[in-house]
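The structure is given below, and queries will be raised subsequently.
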Amino acid sequence: MTAGLLLALGAVSAGAAANARWPRRSFLLVMPSWLLAFLVVELAPHLLVLGTGAVVALALLGALHGVVGWIGLALWLMAVASAIPYGRSSLRTRLDVDGCPEDLELGAGAPRLPWYLMAFPLLGWWRHGVQVERGVTYGRVDGRRLKLDVVRARRRADGGDDSRRPAIIHVHGGAWFFGSRHEQGLPLLNHLAANGWIGFNIDYRLSPQATMPDHVEDVKRAIAWVREHADELGVDERFIALTGGSAGGHLTALAALTADDPTLQPGFEGADTHVDAAVPFYGIYDLTDPRGQHLTALSQILEWIVVKARLDREPERYRRMSPIHRVHAGAPPFFVVHADADTLAPVTESRDFVGALRGVSDEAVLYAEMPGGQHAFDVFPSWRSAPVIRAIERFLAARYAERCGVEQPPLATAGR
């Protein structure tokens, strides 16, 4: 029995390690293959510790008394040899930000994430001293309520500290047809909330019920709602930033670059939807795919359920929804983040977008590329994502200080 368990552990571990090195890209296998690779790459230190404990326990129970157990141990050791580089690269992560202004030290003075979040990443959905108000309605479209969660430092019992705080709005990913505010963005929003920000984690209409540009229209509705309700929310309306990953990275960039486009604000054309900084993660910035590098699954998702039009027949619709074709001199400051081992969104998307944006923008355009990281590497707090989260906090704090003439957002009054 124990030998069979060790063999199963070894076989599963070896298969997972092989998938992380050579992920599948076919239509049916790309998502499960990415998910398994993501877990192996981003949680390698934790899996190594857990796996070692399981192997030692099985060995003590007699799993190595036969050939089957030894085969299982050999397979597990092969998986360990393959996974060790992932764990090493995660533990040694140092953030190298391209285009960082000389007066902005992203590492200096950056508040650290609590150690327990890296040791126990599933705690990333919770942060001491931070509270979440869930299910706030920010808009109604076609009879459907659009909701967001408000993430802020826990208020003092005496009701003190009425300081206005800058806002950060997070847009979740999920290929424009799945995902929600409940499972994405919280490590970043919690860290920012603990350090003086008010976060808003939004949902938006999803395909196939929604058709592009419905998704970005909802993002703009959220921006307008936060600005309109700034007084009651305690938001400093002078500074509202936007962030998101994957499809949320695309929507973040597109919304940040189209504040002056009334065609993307039906029914609220006159609302102020500009943002003062944008931080997109591993997004798709050119839906026209001029390099032909998009996954077949991505192209089919766009044509069948998101845009609902063939690229070769209606290319202009794809261009209008592509941030790289909407860059302009008045763009807000950008901090673009991508991982170089991303199997779902090619890293060249970000490189090309950053190049195009730097060619015209009057504001700073920062770019960080995470060595060895997978798509969605920031979903958990980890040794890889922590430097990114800290750098984003410094970037946003510096931009807030520059725009509003304050040294930093008001610090959280609860424990940090």
Side-chain angles (χ1 to χ4, degrees), residues 133-151 164-174 176-177 179-181 185 198-244 247-280 283 287 306-308 316-323 325-328 330-334 403:
E133 182 182 359
R134 304 187 187 279
V136 178
T137 298
Y138 73 85
R140 295 177 184 269
V141 183
D142 299 329
R144 176 186 169 182
R145 291 195 301 169
L146 303 172
K147 297 182 179 181
L148 56 76
D149 293 342
V150 184
V151 185
R164 293 293 191 102
R165 303 176 185 275
I168 177 80
I169 299 172
H170 179 267
V171 187
H172 71 78
W176 305 278
F177 76 95
S180 76
R181 69 187 191 276
I198 299 180
F200 299 89
N201 211 355
I202 73 168
D203 278 338
Y204 51 90
R205 286 174 291 168
L206 299 175
S207 296
Q209 290 80 11
T211 302
M212 190 73 74
D214 293 348
H215 319 72
V216 72
E217 290 172 4
D218 291 345
V219 175
K220 288 170 165 288
R221 281 188 175 88
I223 298 169
W225 183 88
V226 170
R227 184 165 279 115
E228 180 182 350
H229 294 81
D231 289 343
E232 62 194 79
L233 293 167
V235 165
D236 185 346
E237 70 276 9
R238 296 176 300 170
F239 198 93
I240 297 175
L242 195 60
T243 185
H250 161 264
L251 295 173
T252 291
L254 185 59
L257 292 168
T258 58
D260 58 348
D261 189 344
T263 66
L264 297 179
Q265 298 179 197
F268 59 109
E269 291 86 353
D272 182 357
T273 61
H274 87 274
V275 295
D276 302 287
V279 186
L287 303 188
V306 178
V307 182
K308 299 174 185 172
E316 188 54 33
R317 287 184 61 185
Y318 284 78
R319 284 181 58 86
R320 290 190 65 252
M321 294 298 102
S322 297
H325 296 296
R326 306 299 290 263
V327 298
H328 56 87
F334 265 79
R403 181 172 182 82

Check this for me: E133, atom CD, are more than 12 non-hydrogen atoms of other residues, nucleotides or ligands nearer than 6.0 Å?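 Count not over threshold, so no.
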Side chain to side chain contact (heavy atoms under 4.5 Å, CB included) between Y138 and I169, worked out: CA-CA 12 Å; Y138 73 85; I169 299 172; over 6 Å; no
Donor-acceptor pair, side chain of S322 and main chain of L287, under 3.5 angstrom: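 Yes, S322 side chain to L287 backbone: donor-acceptor pair under 3.5 Å.
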Taking every heavy atom of R326 against every heavy atom of R320, the minimum-distance pair comes out as NH1-O, 2.7 Å
Given V150 and I198, is the side chain to side chain contact (heavy atoms under 4.5 Å, CB included) satisfied, shown in steps? CA-CA 7 Å; V150 184; I198 299 180; 3.9 Å; yes
D272: partners by salt bridge (charged side-chain N to carboxylate O under 4.0 Å, His left out), with sequence neighbours left out: R227
Can T258 and K220 be counted as having a side-chain donor-acceptor contact under 3.5 angstrom?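 T258 vs K220: donor-acceptor pair found between side chains.
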Name all residues meeting the salt bridge (charged side-chain N to carboxylate O under 4.0 Å, His left out) criterion together with R181; count only those two or more places apart in sequence or in a different chain, and write none if there are none.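 Checked R181 against salt bridge (charged side-chain N to carboxylate O under 4.0 Å, His left out); matches are D149, D203.
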When you measure from the side chain of T252 to the backbone of L242, do you find a donor-acceptor pair of N or O atoms at a distance under 3.5 Å? no
Assess the residue pair W225 and L233 against the criterion (side chain to side chain contact (heavy atoms under 4.5 Å, CB included)); give the C-alpha distance rounded to whole Å, side-chain angles, the decisive distance to 0.1 Å, and a yes or no. CA-CA 11 Å; W225 183 88; L233 293 167; 3.8 Å; yes
CD1/I202 to CG/L251 distance, rounded to the nearest 0.5 angstrom?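 CG of L251 is found 8.0 Å from CD1 of I202.
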Student check: side-chain heavy atoms of D236 and R165 closer than 4.5 Å: no
Could you pull out all residues at least two apart from R145 that satisfy salt bridge (charged side-chain N to carboxylate O under 4.0 Å, His left out)? none
Assess whether salt bridge (charged side-chain N to carboxylate O under 4.0 Å, His left out) is satisfied between E316 and R319, documenting all intermediate values. CA-CA 5 Å; E316 188 54 33; R319 284 181 58 86; 3.8 Å; yes
Supply the atom-to-atom distance H274 NE2 to I240 CD1, rounded to the nearest 0.5 angstrom.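 Rounded to the nearest 0.5 Å, the NE2-CD1 separation comes out at 7.0 Å.
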I'd like to know if the side chain of K308 reaches the main chain of P208, judged simply by a donor and an acceptor atom lying under 3.5 Å from each other, with no hydrogens or angles considered.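 Yes: the side chain of K308 pairs with the backbone of P208.
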E228 side chain to V226 backbone, donor-acceptor under 3.5 Å: no
Gap separating the CG atom of L257 from the NE2 atom of H325, nearest 0.5 angstrom: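 With rounding to 0.5 Å, CG (L257) is 12.5 Å from NE2 (H325).
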Can any side-chain N or O of R403 pair as donor or acceptor with the backbone N or O of R238 at less than 3.5 Å?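 It does hold such a pair.
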Closest approach of R164 to A230 (non-hydrogen atoms, all atoms of both residues): NH1-O, 3.9 Å
Considering all heavy atoms, the nearest E217-T263 contact: OE2-O, 4.2 Å
To the nearest 0.5 angstrom, please state how far the CZ atom of F268 sits from the CD1 atom of I223. 8.5 Å
Less than 6.0 angstrom separating the ring centers of H172 and Y204, yes or no? yes
Minimum heavy-atom separation for F239 to A277, with atom names? CZ-CB, 4.0 Å
Closest contact, heavy atoms only, R205 versus L146: CG-CD2, 4.0 Å
I'd like to know whether V219 forms a side chain to side chain contact (heavy atoms under 4.5 Å, CB included) with L254, so could you lay out the CA-CA distance, the side-chain angles of the two residues, the decisive distance to 0.1 Å, and finally the verdict. CA-CA 10 Å; V219 175; L254 185 59; over 6 Å; no
Could you pull out the closest heavy-atom pair between H250 and M212, with the gap in Å?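 The pair with the smallest heavy-atom distance is CE1-CE, 3.8 Å.
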Short question: side chain of D218, backbone of H215 - any donor-acceptor pair under 3.5 Å?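 Checked: no pair found.
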Atom CZ in F200, atom OG1 in T243: separation rounded to 0.5 Å? 14.5 Å
